[in-house]
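Notes follow the structure.
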Protein chains: 2
Amino acid sequence: MEYLQQSFSVRFEYKTFFTSGLFELSNTGFNDFIAADSTSASIKKILFVVDQDVLKANPKLADQIRRYFSIHKAAQLIPEIIAMPGGELIKNDEGFFSRVLQIINQYNIDRHSYVAAIGGGSILDMVGYAAAVAHRGVKHIRIPTTVLSQNDSGVGVKNSINYFGKKNFLGTFVPPVAVFNDDQFLLTLSDRDYRSGIAEAIKVSLIKDAAFFEWLEANADALVARDMPTMKYLIKRCAELHLNHIAGLDPFEKGSSRPLDFGHWSAHKLEQLTNFKVLHGEAVAMGIALDTVYSNLSGRISVDEANRVVNLIKKIGFEITHPLLEVTGDDSPILIGLQEFREHLGGELTIMLLERIGVGIEVHEMDAQLIKKAGEILKNEHAALSAV
Amino acid sequence: MEYLQQSFSVRFEYKTFFTSGLFELSNTGFNDFIAADSTSASIKKILFVVDQDVLKANPKLADQIRRYFSIHKAAQLIPEIIAMPGGELIKNDEGFFSRVLQIINQYNIDRHSYVAAIGGGSILDMVGYAAAVAHRGVKHIRIPTTVLSQNDSGVGVKNSINYFGKKNFLGTFVPPVAVFNDDQFLLTLSDRDYRSGIAEAIKVSLIKDAAFFEWLEANADALVARDMPTMKYLIKRCAELHLNHIAGLDPFEKGSSRPLDFGHWSAHKLEQLTNFKVLHGEAVAMGIALDTVYSNLSGRISVDEANRVVNLIKKIGFEITHPLLEVTGDDSPILIGLQEFREHLGGELTIMLLERIGVGIEVHEMDAQLIKKAGEILKNEHAALSAV
Ligand SMILES: NC(=O)c1ccc[n+]([C@@H]2O[C@H](COP(=O)([O-])OP(=O)(O)OC[C@H]3O[C@@H](n4cnc5c(N)ncnc54)[C@H](O)[C@@H]3O)[C@@H](O)[C@H]2O)c1
Ligand SMILES: NC(=O)c1ccc[n+]([C@@H]2O[C@H](COP(=O)([O-])OP(=O)(O)OC[C@H]3O[C@@H](n4cnc5c(N)ncnc54)[C@H](O)[C@@H]3O)[C@@H](O)[C@H]2O)c1
Ligand SMILES: [Zn+2]
Ligand SMILES: [Zn+2]
């Protein structure tokens with residue numbers, strides 16, 4: 001058949017900034033970014049959508065933002081600061097997504113203007129999706145306020161909302177124009193949300209960087225004690241490993257390989273089954289424990305190393321398993337979750353396991369009996385693992 | 001401020017095929033494409049969404065598709081062929097978009113499977129948008145059935161629906177995995193729809209390719225007589241010019257420059273004001289006439305060349321102006337449209353005018369008095385132009 005060949009490359013560039021007190025008047029970094037990010041002579045407007053809990057925890061934030069832009073004028077602030085609830089709810093109820101679109105329309109935010117989101121991964125995912133599709137893409141700035149979003153979700157290229165009761169059913173691959181990680185936001189996080197984000201650091205260390213895993217082991221106590229310099233290092237290194245991975249072979253995930261989803265296949269099912277009462281990071285921690293013990297049982301990672309992984313997860317304060325992860329029969333939810341994941345991937349399963357700490361390996365089959373056994377070992381406080 | 005720099009490139013490749021009788025059993029091109037387009041060992045499903053008018057004009061099409069995939073098995077056909085109305089309606093009513101999402105969900109179409117759309121630019125835009133956001137992007141195949149979609153909209157990288165009464169308010173830049181232009185579909189087009197697509201060929205010739213403009217002048221009679229080899233050449237050359245432009249500097253239109261929107265600023269307003277009773281190509285033809293005469297009045301293209309442009313537009317059978325394009329005062333719809341377009345671009349206007357045939361030039365201001373005068377000249381059958 002006769003044809004014309006189309007081929008072109010699109011370059012994507014953005015910075016993840018690290019700062020403290022982003023909207024203090026003396027901190028000109030945000031304004032400097034906008035001043036430098038000029039693509040035309042147009043007036044640049046900026047709209048803020050902020051996580052309600054972040055506003056509650058920082059009652060002066062809205063006024064601080066308004067004062068900042070009254071002095072620093074690279075962008076014209078839309079004076080109404082939009083407050084919306086955080087958490088998974090905001091991705092489940094399409095009404096919030098529609099409202100962001102409606103506000104973008106109302107304030108005539110165009111392709112040279114900015115929609116900034118301040119909050120956890122949930123609100124960033126939802127606002128990022130709205131920004132990606134309005135006018136085929138207005139500029140999106142992310143200001144993540146949780147450990148998880150500062151070290152993982154906020155620095156990546158994906159956005160989404162849930163639909164038909166399915167996690168992330170709608171979304172796009174569209175990078176933000178900039179990410180601003182401000183450590184001050186972390187001070188007001190609950191212990192659970194603070195801890196939850198550490199799971200992604202354990203995950204990425206296990207598949208990418210053994211030295212970082214050792215650092216996590218050595219610094220577990222400081223992390224539990226919420227020592228700030230320790231957390232700042234964790235976030236920066238974890239963000240860097242995620243960014244490097246994205247910039248690698250397949251930024252927009254065209255293939256089936258998803259190494260960054262290590263530990264996630266069971267975690268997604270568990271979040272959904274508990275209606276998101278188990279947090280993403282908590283579920284990922286249990287998923288990592290499961291897939292690590294499974295890796296050992298299926299002849300990969302050593303008993304010693306597997307024990308180190310499970311011990312680190314416990315030391316950080318995570319549960320290592322959940323009743324809904326138990327295999328009691330062929331119709332156990334976790335096996336159904338595996339089947340759903342296979343279908344989601346289009347028939348061929350691809351799951352990351354551990355060869356050793358810092359080195360992952362992909363497999364295309366999982367053995368139900370070994371999943372069952374791994375669950376039992378974890379249920380018994382992984383005492384049995386050493387005996388295997 | 002400390003930062004991590006992210007930068008990567010994403011390569012996009014797709015072919016625009018030219019064929020006759022795409023789903024005839026002996027034509028293996030479509031099946032060959034899918035067989036070669038393997039990214040994993042997964043089963044590849046294919047779902048078809050088809051323009052109702054195309055089905056009406058080709059009553060055997062659905063059965064033909066089912067027979068084709070019963071013999072050629074690179075993809076597993078979803079036996080239900082989804083029929084939906086064509087025309088702008090399908091982009092205006094969000095219900096059609098939601099229904100495509102619902103069907104993608106119902107049939108478990110995943111990121112390794114295909115959603116093919118057969119129809120005019122409207123249904124391709126809507127289905128393309130649904131495919132781009134479901135699961136953050138399932139594979140989309142375009143089978144354009146109008147002159148306009150075969151030579152312009154169908155071969156490009158944009159998709160969209162209308163929202164808040166605004167044309168293309170929602171959408172993305174996501175290329176299809178393939179485009180199949182089948183000339184047999186053109187046989188059943190109404191004369192109006194057939195003619196309408198020729199406007200984009202005139203447009204692209206004027207800003208990119210003087211030789212193609214001369215070819216259009218020489219072949220105007222054959223085009224009006226619907227001579228097929230002539231139309232096939234027009235479509236291929238026009239598609240090629242569009243594809244080359246997209247592959248150029250700014251595929252995802254990050255800047256303000258939109259040379260392919262020559263003649264479109266007034267056309268978009270006219271379509272909207274007439275509730276899409278004036279077709280896109282008809283409005284573009286009038287928009288080209290207006291901006292050509294304006295180009296002459298503002299000291300650019302010569303009288304002779306401007307007359308050639310307007311004469312070609314008339315010869316193809318287009319109207320050259322419309323009462324709603326007249327400037328009678330400061331609040332004339334066309335001037336309001338110009339203001340809206342300026343706001344849409346973020347404050348700085350960028351409009352393509354003609355230096356001469358084949359060579360465009362961008363300006364950032366338009367003079368209301370000259371727009372008024374250009375409209376009057378066209379209203380008087382551009383008789384006055386020669387006298388300027
Ligand atoms: N896009 C991606 O690549 C990606 C990757 C991983 C996870 N995610 C998504 O991220 C979401 C989870 O994000 P999350 O863990 O950041 O949780 P979250 O956004 O749901 O926030 C958790 C809670 O903390 C509150 N909160 C946020 N910041 C606060 C602060 N500084 N002080 C006090 N309270 C604060 C929120 O209001 C919410 O109640 C999930 O939907 C997950 O799917 C996306
Ligand atoms: N995405 C882009 O880059 C881009 C570019 C230009 C235009 N567009 C969009 O394309 C749309 C216009 O597309 P169009 O001009 O193809 O019109 P259309 O899709 O609205 O179709 C016009 C009419 O022709 C009918 N039809 C289609 N194919 C037929 C056939 N083979 N036989 C008989 N009837 C047939 C349709 O049912 C409809 O009634 C507009 O919404 C416009 O905004 C998009
Ligand atoms: Zn995660
Ligand atoms: Zn057009």
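Heavy atoms only: backbone and side chains are in, while hydrogens, waters and symmetry mates are out. Proteins get letters first, then strands, A, B, ... in listed order; numbering begins at 1 in each.
- Between chain B and the residues A:Asn168, A:Ile104, A:Thr19, A:Asn105, the most heavy-atom pairs under 4.5 angstrom are made by A:Asn105.
- Between the side chains of B:His245 and B:Lys208, at least one donor N or O lies within less than 3.5 Å of an accepting N or O.
- Under the 6.0 Å cut-off for aromatic ring centres, B:Phe33 and A:Tyr3 do not qualify, their centroids lying 6.0 Å or more apart.
- The residue among B:Val133, B:Asp110, B:Thr172 with the most heavy atom pairs within less than 4.5 Å of chain A is B:Val133.
- Between chain B and the options A:Ser113, A:Ala247, A:Gly29, heavy-atom pairs under 4.5 Å are most frequent for A:Ala247.
- With salt bridges taken as basic N to acidic carboxylate O contacts below 4.0 Å, one links A:Asp209 and A:Arg237.
- Neither the backbone nor the side chain of A:Val155 comes within contact range of chain B; no heavy atom of the residue lies under 4.5 Å from a heavy atom of that chain.
- With a 4.5 Å cut-off on non-hydrogen atoms, B:Ala132 touches chain A through its backbone but not through its side chain.
- Highest contact tally toward chain A, considering only B:Arg342, B:Gln5, B:Glu2, B:Arg136, is held by B:Arg136 [criterion: heavy-atom pairs under 4.5 Å].
- No side-chain donor from either of B:Glu362 and B:Thr350 sits under 3.5 Å from a side-chain acceptor of the other.
- With a 6.0 Å radius and a threshold of 12 heavy atoms from other residues, nucleotides or ligands, B:Tyr233 has its OH atom above the threshold.
- In this structure, B:Tyr114 has its ring center at least 6.0 angstrom away from the ring center of B:His140.
- Of the two parts of A:Lys166, only the side chain, counted from C-beta on, holds a non-hydrogen atom closer than 4.5 Å to a non-hydrogen atom of chain B.
- For B:Val179, no part lies near chain A; criterion is any non-hydrogen pair under 4.5 Å.
- In plain terms, the two heavy atoms of B:Phe18 and B:Ile235 that are nearest each other are CE2-CG2, 4.2 Å.
- With a 4.5 Å cut-off on non-hydrogen atoms, A:Glu94 touches chain B through its side chain but not through its backbone.
- Considering only heavy-atom pairs separated by less than 4.5 Å from chain B, the leading option among A:Phe173, A:Phe8, A:Phe30 is A:Phe8.
- Neither the backbone nor the side chain of A:Leu249 comes within contact range of chain B, judged by heavy atoms closer than 4.5 Å.
- In terms of heavy-atom pairs under 4.5 Å with chain B, the best-connected choice from A:Glu13, A:Gln102, A:Glu240, A:Lys15 is A:Lys15.
- Listed options A:Leu349, A:Asn27, A:Asn159 were ranked by heavy-atom pairs under 4.5 angstrom with chain B; first place goes to A:Asn159.
- Ring orientation note: the planes of A:Phe97 and A:Tyr129 are close to parallel, at an angle under 30° on the 30°/60° scale.
- Side-chain atoms of B:Asn92 and B:Tyr163 include no donor-acceptor pair closer than 3.5 Å.
- Proximity to chain B involves both the backbone and the side chain of A:Leu101, based on heavy atoms less than 4.5 angstrom apart.
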